[in-house]
Amino acid sequence: MPPEELDSTLTALPLRVGTYVPDDLLEDWFAPGTGMNPVSAEALKAAEAYGRRFECEFKYYPERQEGVFWKWVPAL
């Protein structure tokens, strides 16, 4: 499970600002024991679902070896 501080961070995250999480933490927090090179599909799906709880988008960037949570901009 992600630390409670990440819950607080994503709750308070302003629009268009991201929180970056390295891939080793993505595995540890969202799918421990599934392997890490590359990050498992289970970890990425769990991270995406977790982000939605806080109205955040999630995208994994393999070339940077990190995932990003951010608040989307509502349609005007």
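Looking at heavy atoms from C-beta onward, Leu6 lies in side-chain contact with Trp29 at the 4.5 angstrom threshold. Counting heavy atoms from C-beta on, the side chains of Phe58 and Leu44 come closer than 4.5 Å.
A cation-pi arrangement is absent between Arg53 and Tyr50, since the terminal nitrogen or guanidinium carbon is not both under 6.0 Å from the aromatic centre and inside a 45° cone about the axis.
Partners of Glu57 by side-chain contact (heavy atoms from CB on, under 4.5 Å), not counting sequence neighbours, listed by chain and number: Trp70, Trp72. Residues satisfying the side-chain contact (heavy atoms from CB on, under 4.5 Å) test with Lys45, not counting sequence neighbours, are none.
Among all heavy-atom pairs drawn from Leu13 and Lys71, the shortest one is O-CG, 3.4 Å. Phe30 and Ala43 make their closest contact through CB-O, 3.6 Å (heavy atoms, listed as atom of the first residue, atom of the second, distance).
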Table please: side-chain donor-acceptor pairs of residues 17-27 below 3.5 Å, with sequence neighbours left out.
from  : atom 1 : to    : atom 2 : distance (Å)
Asp23 : OD2    : Tyr60 : OH     : 3.3
Glu27 : OE1    : Thr34 : OG1    : 2.6
Glu27 : OE1    : Ser40 : OG     : 3.4
Glu27 : OE2    : Ser40 : N      : 2.4
Glu27 : OE2    : Ser40 : OG     : 3.0

